[in-house]
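Worksheet: one structure, shown below.
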Amino acid sequence: MEENENKTTFNVNAEDVKKETEETVNQVKDTIKNVDLKNDSKEAKGFFFSFFKNPLGEIKKSASSVDNKFVKIAIIIFVVWIAILLISNILSMATTYLFGPLGNFAYFFQNLFHNMFLLVKTLVAPIITVLVLSGLVYGFKKVKNRSFLTIISTILIAKIPIVIANAFNLLVLVNSHFTKITSAFSGFCNVLSTVLLFFAVKNLLEEDKNDSYFWKFALIIGIFYIVKFVCSYLGIYL
């Protein structure tokens, strides 16, 4: 009996996925329509203050939320993440093809399509990362008592250190000597994000037993790294 309870299974129904996808899209649309900059800014400030004070507590609140109150926070995190990657790539492109030793407008437009393609792949990477991790959590969750949007929101909150690291990496564009510092800081943030992800997935799966959960988390991350390996052959680095 206990063996069956601890068995790890991936359970996804096509109809459930279709329903969750439609609900997620509609909820995001409604959230964007009901944006109140003044109140939402206050809520965002309050959240980030609480997050840096007690990150695991905020992760738990997000994972157990049934009213999607963290959706706006997740959207802010995602928009900032994409904006940082966009700025970083545009500045890097300009530095190389316009202001570099061989830079000029002819050189820039000559490589424009190639650079735009690389930019698209860079911006798609965070989307794939969040969707794959969220999909795996949803699939391994025994009781589907949390919306897919709640899972996505919690995963995005766990990625806050990664977003901070990407912002810090902009220093390299100012001076290449910052590379060693930004590289070390990125490694540090990756560790923090993995720890947050560990507890985020645990709360989302509602797992109480650490021994059985550890291997379930290892399986989820293992599958994610297989996807990451495949995507790297397409030039998409998750």
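I162 and Y225 end up in the same hydrophobic cluster when Ile, Leu, Val, Met, Phe, Trp and Tyr side chains are linked at under 4.5 Å. Follow the hydrophobic side-chain contacts under 4.5 Å out from W81 and you never reach Y237; the two are in separate clusters. Following chains of ILVMFWY side-chain contacts shorter than 4.5 Å, one can reach I164 starting from V195, so the two form part of one hydrophobic cluster. In the hydrophobic clustering of ILVMFWY residues, with side-chain heavy atoms under 4.5 Å counting as a link, F199 and F188 come out together. Residues F49 and L56 do not share a hydrophobic cluster, defined by chaining ILVMFWY side chains whose heavy atoms lie under 4.5 Å apart.
Side chains of T9 and F140 form no contact here, defined as non-hydrogen atoms less than 4.5 Å apart. Side chains of I220 and L205 form a contact here, defined as non-hydrogen atoms less than 4.5 Å apart.
Distance check: S193 OG to I157 CD1 gives 12.0 Å after rounding to the nearest 0.5 Å. How far CG of L149 is from CD1 of I152: 6.0 Å, rounded to the nearest 0.5 Å. We find the CG-CD1 distance between N203 and I151 to be 12.5 Å, quoted to the nearest 0.5 Å. The CZ atom of F214 lies 12.0 Å from the CG atom of L219; values are rounded to the nearest 0.5 Å. Note that the CD1 atom of I59 and the CG atom of L197 stand 8.5 Å from one another [nearest 0.5 Å]. Distance check: S147 OG to Y138 OH gives 9.5 Å after rounding to the nearest 0.5 Å.
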task = Output, in order, the C-alpha distance, side-chain angles, deciding distance and verdict of side-chain contact (heavy atoms from CB on, under 4.5 Å) for L238 and F224.
result = CA-CA 9 Å; L238 308 183; F224 171 74; 4.0 Å; yes

query = Stepwise, does the side-chain contact (heavy atoms from CB on, under 4.5 Å) test hold for I181 with L171?
reply = CA-CA 9 Å; I181 298 175; L171 288 174; 6.0 Å; no

task = I would like to know whether L156 and I73 meet side-chain contact (heavy atoms from CB on, under 4.5 Å); could you show each step before the answer?
result = CA-CA 9 Å; L156 275 167; I73 301 297; over 6 Å; no

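The salt bridge (charged side-chain N to carboxylate O under 4.0 Å, His left out) pairs that include a residue from residues 70-83 are D40-K72, where partners are two or more places apart or lie in different chains. Here salt bridge (charged side-chain N to carboxylate O under 4.0 Å, His left out) pairs that include residues 130-141, with residues two or more places apart or in two chains, are K141-E206.
Through chains of ILVMFWY side-chain contacts below 4.5 Å, Y233 is grouped with F229.
Under the 3.5 Å distance criterion, the side-chain polar atoms of S65 are left unmatched by any main-chain donor or acceptor of K61. Looking at S62, its side chain never comes within 3.5 Å of a backbone N or O of F70 through a donor-acceptor pair. A distance-only check finds no donor-acceptor pair linking the side chain of Y213 to the backbone of E207 [under 3.5 Å]. In terms of modelled atom types and a separation under 3.5 Å, the side chain of R146 and the main chain of A63 share a donor-acceptor contact. Counting only distance, with no hydrogens or angles, the side chain of T154 and the backbone of T150 share a donor-acceptor pair below 3.5 Å. A side-chain donor-acceptor contact under 3.5 Å links N54 to the backbone of G57. Side-chain atoms of S64 come within 3.5 Å of backbone atoms of K60 as a donor-acceptor pair (strictly under, hydrogens ignored).
Taking the six-membered ring where tryptophan is involved, the planes of F198 and F217 are perpendicular, since the angle between them exceeds 60° and thus also 30°.
By the ring-ring contact (aromatic ring centres under 6.0 Å, His included) test, F78 is found to be paired with no residue, residues two or more places apart in sequence or in another chain being considered.
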Using residues 82-101 as the side-chain source, report each donor-acceptor pair under 3.5 Å to any protein atom, sequence neighbours left out, with the distance given to one decimal.
| residue | atom | partner | partner atom | Å |
| --- | --- | --- | --- | --- |
| N89 | ND2 | L85 | O | 2.7 |
| T95 | OG1 | L91 | O | 2.7 |
| T96 | OG1 | S92 | O | 3.0 |

Donor-acceptor pairs under 3.5 angstrom involving side-chain atoms of residues 114-137: please list them, not counting sequence neighbours.
| residue | atom | partner | partner atom | Å |
| --- | --- | --- | --- | --- |
| N115 | ND2 | N111 | O | 3.0 |
| K121 | NZ | L234 | O | 3.4 |
| T122 | OG1 | L118 | O | 2.9 |
| T129 | OG1 | A125 | O | 2.9 |
| S134 | OG | V130 | O | 2.7 |

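Using modelled atom types, one finds a donor on one side chain and an acceptor on the other under 3.5 Å when comparing S186 with N169.
The 12-atom threshold is exceeded at CZ of F10, counting heavy atoms of other residues, nucleotides or ligands nearer than 6.0 Å.
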